[in-house]
Amino acid sequence: MEEPPPFQEASRCDVCKCSFNTFRRRHHCRCCGRTLCNEHSSNQMALPQFGINSNVRVCSNCFNGASRSDINESQTTSEGMDATTNMVSRLHISEEAIDVQAEPAKERSQVDLPECKCGMPLCICVTPASDPTPSQVHTTVTPRVHPTTKPKKAINIQATADSTVKNMNTAVNNKPSMFFSLGQAIDGDFDKHCAQYDCNGEGLREAIKNNDAQVVKKLLSEGVDPNYCDRQGMSLLHLAALFNHTEITFILMDHGASTERKNAQGETPVDCAPTMLQYKMRKKLEEGSSK
C-alpha cells in the first residue's frame with residue numbers, strides 16, 4: 001500500500017491562482033497533494049491505493065485520470081468477453097447429438113397424444129379420461145357430533161315480555177309527576193343562576209354585560225338602584241345602550257333609569273347607543289311624554 005503525498009501549503013490555488021481568505025478556503029487534493037480552491041477540488045473519489053475506501057476530495061486531473069483508467073479496464077474486459085463468445089460460437093455440434101436429444105421428445109409426444117381417427121381439419125376425437133391423481137381425489141369428511149352436547153334451553157318469550165312490562169309499570173308508578181319536577185328544576189336553576197350575582201349595583205352591572213334580562217328584572221325588583229354609576233361615571237343605562245341590549249335598555253327605562261345622565265365624556269345614554277337603538281329610545285321617550 002502506498003503512502004499519500006504530503007499537502008502543499010501554498011497561498012494561492014494551483015489552478016486559477018486565486019488567493020485564500022475568510023470566504024475562500026484552502027483545500028488539498030488527497031491524490032496529488034496540491035493546494036486548490038473549492039471550485040477546482042469539488043470532485044470526490046475513493047483512493048484504495050492509499051487505503052482510503054471512502055470518497056475524498058480530489059482535483060480534476062486526478063479524477064479524470066482515474067476515470068480513463070476505469071474506461072480502459074472496462075474495454076479490456078469487454079474485449080475478453082467478445083473473444084470468449086466467438087470461441088464458443090465456433091464449436092462444432094454433431095448432428096448425432098441433436099438427433100439423440102430430439103428422439104425422447106418424439107416418443108413422449110407419441111405416447112401422450114392419441115391417434116386421430118376422424119380425419120377432420122380440426123380434430124373432434126374425444127380424449128380418453130385419465131385416472132385421477134391422488135391430489136385430485138376429494139374425500140368427504142362427515143363431522144362427528146359429540147354425544148355429550150346438550151341442546152340449548154328454549155327461551156320463554158312470553159314470560160320475558162311480561163316481566164319487562166311489569167318493570168316498566170313499576171318505574172312509571174314510582175316516578176313523580178313530570179310537570180311538577182320540571183317546574184321545580186327550572187325554579188331551582190334560576191335561583192342558582194341569580195345567586196351568582198350580588199344584589200347591588202355591581203351585580204346588576206355584570207348581568208347587563210352578560211345580556212341576562214331575567215336577572216336584571218329580578219335585581220331591579222329587589223330594590224337595586226337603576227341609576228347606579230361605576231367608577232368611570234358610566235350609568236347602567238349607558239352600559240346597556242353601549243352593548244346594544246335593547247330589551248335591558250327598555251327594562252331600565254321602565255324602572256326609572258335617567259336618560260339625561262352624562263358620563264365622563266359628556267355623553268347621554270342615547271348618544272352612546274347605535275343608530276337603531278337611538279331611534280327606539282327616542283320613540284319610547286316620546287310615547288312616555290305624550291302619556
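This one's a predicted model, so the numbers in the text were calculated from it and none came from an experiment.
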*Are Ile52 and Met45 connected, step by step, through hydrophobic side chains (Ile, Leu, Val, Met, Phe, Trp, Tyr) whose heavy atoms are closer than 4.5 Å?*
yes

*asked:* Let me confirm one number: the CG-CE distance from Asn263 to Met234, rounded to the nearest 0.5 Å.
replied: 5.5 Å

*Can you see which heavy atom on Ile208 is nearest to which on Leu252, and at what distance?*
CD1-CD1, 3.9 Å

*Determine the minimum heavy-atom distance between His28 and Arg30, stating which atoms define it.*
O-NH1, 2.9 Å

*asked:* With a 4.5 Å cut-off on side-chain heavy atoms, are Met253 and Thr259 touching?
replied: yes

*Do Asn200 and Tyr228 meet the criterion of a side-chain donor-acceptor pair at a distance under 3.5 Å?*
no

*Look up atom CG in Leu236 and atom CG in Asn227, then write down how far apart they are to the nearest 0.5 Å.*
8.0 Å

*Separation of Arg25 CZ from Thr22 OG1 (nearest 0.5 Å)*: 11.0 Å

*asked:* If I take atom SG from residue Cys13 and atom CD from residue Glu39, how far apart are they, to the nearest 0.5 angstrom?
replied: 8.5 Å

*Taking side chain as C-beta onward, heavy atoms only, is Ile248 less than 4.5 Å from Asp212?*
no

*Do Asn43 and Ser41 have side chains that get closer than 4.5 Å, going by heavy atoms?*
no

*Would the number of heavy atoms belonging to other residues, nucleotides or ligands and lying under 6.0 Å from NZ of Lys284 be above 12?*
yes

*Taking all non-hydrogen atoms of both residues, which atom of Arg12 and which atom of Phe20 are closest, and how far apart?*
C-CE1, 3.5 Å

*Would a hydrophobic clustering, with Ile, Leu, Val, Met, Phe, Trp and Tyr connected at side-chain separations under 4.5 Å, put Val270 with Phe243?*
yes

*Is the closest side-chain donor-acceptor distance between Asn38 and Arg26 under 3.5 Å?*
no

*State, to 0.1 Å, how close Pro226 and Gly256 come at their nearest heavy-atom pair, and which atoms those are.*
CG-C, 4.4 Å

_For a quick test of reading the model, state the closest non-hydrogen atom pair linking Cys37 to His40 and the distance between them._
SG-ND1, 3.2 Å

*Would you say Lys280 and Phe250 make side-chain contact, with heavy atoms under 4.5 Å?*
yes

*Examine Phe63 and Val15 and state if one hydrophobic cluster contains both, with Ile, Leu, Val, Met, Phe, Trp and Tyr joined whenever side-chain heavy atoms are less than 4.5 Å apart.*
no

*Any side-chain heavy-atom pair from Cys31 and Cys59 closer than 4.5 angstrom?*
no

*Do you know the tightest heavy-atom contact between Ala46 and Asn53?*
CB-O, 3.5 Å

*salt_bridge(Arg282, Glu286) N-O dist < 4.0 Å*: no

*In Å, rounded to the nearest 0.5 Å, how long is the span from CG of Leu219 to CG of Asp225?*
12.5 Å

*asked:* With a 4.5 Å cut-off on side-chain heavy atoms, are Pro5 and Phe50 touching?
replied: yes

_I'd like to check Val58 versus Gln44 (side-chain heavy atoms, cut-off strictly below 4.5 Å). Are they in contact?_
no

*Tell me, yes or no, whether the heavy-atom count around Glu9 atom CD, taken from other residues, nucleotides or ligands under 6.0 Å, exceeds 12.*
yes

*So, do Asn61 and Arg34 sit near enough that their side-chain heavy atoms are less than 4.5 Å apart?*
yes

*Separation of Leu277 CG from Leu242 CG (nearest 0.5 Å)*: 10.5 Å

